[in-house]
Q: 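Provided herewith is a single structure, encoded as structure tokens, for subsequent inquiry.
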Amino acid sequence: MEVTFVTGNKHKLAEVKQILKPYDIKIKHYNGEKLEGFRTTVEETAKMNAKRFADELQKPILVDDSGIEFLAYPGFPAQNAKWTFETIGYKGIMKLLDGKKRHAEFKCAAAFCLPNKKPHVAIGTLKGKITKKVFMKNSNVMPYERIFQPNNKSVVLAKLTRDEKNELSHRANAFRNISEYIK
């Protein structure tokens, strides 16, 4: 089956293609501007965008919305992780968590929708902690991968191979689940 994946993030596109390969789901990329709600959940944002693009493009659509939550600040930054990083950067994140518990959880909502139908959503999570320093500053990864250490791992996500990351990541879990639904 061919599905159009809506994202402007080259890292997400590469990950999703790799994750879905064993399911014989072919990904066609569409670089559309997703709507982001400031006080919505990742599930609500993923559903809204999947429905919108499926109806607009009249194609089977797959989207994701992801976020990270610092457990010292329940509900923050959540789906606003990119905005938070762009606003305060690593320095601000480290200052925000100074003296606090550094536990964190990534969450991904993968949504699939056929034209004129209701979207289906699958959730994936990954628990860990925010490190006290930034690793691999020049690596070609998403920003939080340099400071997020998954539970039961001794390194940050950035130090894992893409295959290792895709074995445990929130995105991989969500997309494996949605793949079963699509098939």
Side-chain angles (χ1 to χ4, degrees), residues 1-69 75-87 104-126 139-146 148 157-158 160-183:
M1 173 180 230
E2 184 176 274
V3 177
T4 300
F5 181 53
V6 180
T7 186
N9 185 317
K10 67 181 181 178
H11 297 290
K12 283 185 184 183
L13 178 61
E15 277 184 40
V16 169
K17 280 184 174 182
Q18 186 177 357
I19 293 163
L20 297 182
K21 202 172 201 175
Y23 296 93
D24 199 30
I25 298 171
K26 292 181 174 71
I27 296 294
K28 185 175 179 184
H29 178 233
Y30 182 75
N31 190 7
E33 187 72 28
K34 292 189 304 182
L35 299 174
E36 303 274 340
F38 193 72
R39 292 190 180 211
T40 60
T41 65
V42 292
E43 296 95 325
E44 292 166 337
T45 301
K47 277 184 187 179
M48 170 183 62
N49 283 295
K51 175 78 173 141
R52 177 178 151 238
F53 283 108
D55 291 350
E56 184 179 303
L57 300 175
Q58 288 295 298
K59 296 179 179 183
I61 294 292
L62 193 55
V63 300
D64 96 328
D65 195 51
S66 300
I68 188 168
E69 181 178 352
F76 179 81
Q79 71 282 2
N80 300 302
K82 179 180 177 183
W83 175 82
T84 299
F85 178 76
E86 289 173 349
T87 303
E105 181 177 66
F106 271 117
K107 188 175 193 180
C108 175
F112 173 74
C113 192
L114 294 170
N116 307 310
K117 301 286 184 188
K118 290 177 79 174
H120 179 79
V121 177
I123 303 298
T125 60
L126 179 62
S139 60
N140 187 19
V141 297
M142 290 184 267
Y144 288 94
E145 292 183 31
R146 296 183 187 107
F148 184 86
L157 285 174
L160 299 176
T161 66
R162 294 300 93 183
D163 286 338
E164 291 171 326
K165 181 185 174 206
N166 286 342
E167 284 296 313
L168 59 99
S169 82
H170 56 299
R171 185 166 293 108
N173 291 327
F175 277 90
R176 279 193 289 272
N177 291 335
I178 203 79
S179 295
E180 294 297 331
Y181 176 80
I182 293 170
K183 290 197 84 98

Q: Start with the C-alpha gap between F76 and T84, add the side-chain angles, then the distance that decides, and say whether side chain to side chain contact (heavy atoms under 4.5 Å, CB included) holds.
A: CA-CA 9 Å; F76 179 81; T84 299; 3.9 Å; yes
Q: Does the side chain of F148 reach to within under 4.5 Å of the side chain of I68, using non-hydrogen atoms?
A: yes
Q: Which heavy atom in F112 sits nearest to a heavy atom in L114, and how many Å separate them?
A: CZ-CD2, 3.7 Å
Q: Can you list the steps and then say if V6 with I61 is a side chain to side chain contact (heavy atoms under 4.5 Å, CB included)?
A: CA-CA 7 Å; V6 180; I61 294 292; 4.0 Å; yes
Q: State, yes or no, whether a side-chain contact exists between E15 and R162 at a heavy-atom distance under 4.5 Å.
A: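 A side-chain contact under 4.5 Å exists here.
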Q: Measure across A174 and G124 and return the closest heavy-atom pair with its distance rounded to 0.1 Å.
A: CB-N, 3.5 Å
Q: Are F175 and F5 close enough, and set up right, to give a ring pair (Phe, Tyr, Trp, His ring centres under 6.0 Å), and what steps lead you there?
A: CA-CA 11 Å; F175 277 90; F5 181 53; 5.8 Å; yes
Q: I'd like to check the side-chain contact (heavy atoms from CB on, under 4.5 Å) partners of P143; sequence neighbours left out, ordered by chain and number.
A: F85, Y90, R146
Q: Check whether any side-chain heavy atom of E105 lies under 4.5 Å from a side-chain heavy atom of L126, and answer yes or no.
A: no
Q: First locate atom NZ of K21, then atom OG of S179, and finally report the distance between them rounded to the nearest 0.5 Å.
A: 14.0 Å
Q: Salt bridge check: are E2 and K26 linked by an N-O gap of less than 4.0 Å?
A: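 Between K26 and E2 there is no salt bridge, as every charged N stays at least 4.0 Å from the carboxylate O atoms.
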Q: The test is side chain to side chain contact (heavy atoms under 4.5 Å, CB included); show your working for T4 and L62 and say whether it passes.
A: CA-CA 6 Å; T4 300; L62 193 55; over 6 Å; no
Q: Using 4.0 Å as the upper bound for N to carboxylate O, is an ion pair formed by K165 and E145?
A: yes
Q: If you take all heavy atoms of I178 and A110, which pair is closest and at what distance?
A: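 Taking I178 first and A110 second, the nearest heavy atoms are CD1-O, 3.5 Å.
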Q: State whether the side chain of E167 and the backbone N or O of E164 hold a donor-acceptor pair below 3.5 Å, judged by distance alone.
A: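 Not confirmed, E167 side chain does not pair with E164 backbone.
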Q: Measure from the side-chain N and O atoms of K17 to the backbone N and O of I27, and report whether any donor-acceptor pair falls under 3.5 Å.
A: no
Q: So which atom in P60 and which in P115 form the shortest heavy-atom distance, rounded to 0.1 Å?
A: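 Taking every non-hydrogen atom into account, N-CD, 4.2 Å.
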Q: Please test Y30 against K59 for side chain to side chain contact (heavy atoms under 4.5 Å, CB included), starting from the C-alpha separation and ending with a verdict.
A: CA-CA 11 Å; Y30 182 75; K59 296 179 179 183; over 6 Å; no
Q: What is the distance from atom CD of Q79 to atom SG of C108, rounded to the nearest 0.5 Å?
A: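 Q79 atom CD to C108 atom SG measures 13.0 Å (nearest 0.5 Å).
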Q: Which value, rounded to the nearest 0.5 Å, describes the distance between E43 atom CD and T41 atom OG1?
A: 4.0 Å
Q: Using the ring of each side chain (for Trp, its six-membered ring), is F106 parallel, tilted or perpendicular to H170, with breaks at 30° and 60°?
A: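 Parallel, since the angle between the ring planes stays under 30°.
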Q: Please answer whether the main-chain N or O of D55 pairs with a side-chain N or O of Q58 as donor and acceptor at a distance below 3.5 Å.
A: yes
Q: Quick check: do M142 and N9 have side-chain heavy atoms less than 4.5 Å from each other?
A: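 Touching, per the 4.5 Å side-chain cut-off.
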Q: Which distance, rounded to the nearest 0.5 Å, do you find between the CG of L168 and the CG of L160?
A: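 Between L168 CG and L160 CG, I get 6.5 Å after rounding to 0.5 Å.
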Q: Minimum heavy-atom separation for A158 and V141, please, with both atom names.
A: CB-CG2, 3.9 Å
Q: So, for H120 and Y181, is the gap between ring centers shorter than 6.0 Å?
A: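 Judged by ring-centre distance (under 6.0 Å), H120 and Y181 do meet the cut-off.
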Q: Give, for atom OG1 of T125 and atom CG of N173, the distance between the pair rounded to the nearest 0.5 Å.
A: 6.5 Å
Q: Once you round to the nearest 0.5 Å, how far does CG of N166 lie from CD of Q18?
A: 4.5 Å
Q: Just wondering, are more than 12 heavy atoms of other shown residues or ligands nearer than 6.0 Å to NZ in K12?
A: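 Enclosed.
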Q: Does the side chain of D64 come under 3.5 Å of the side chain of S66 through a donor N or O and an acceptor N or O?
A: yes
Q: For Y144 versus A81, what's the shortest heavy-atom pair and its separation?
A: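 So the minimum-distance heavy-atom pair works out to OH-O, 2.8 Å.
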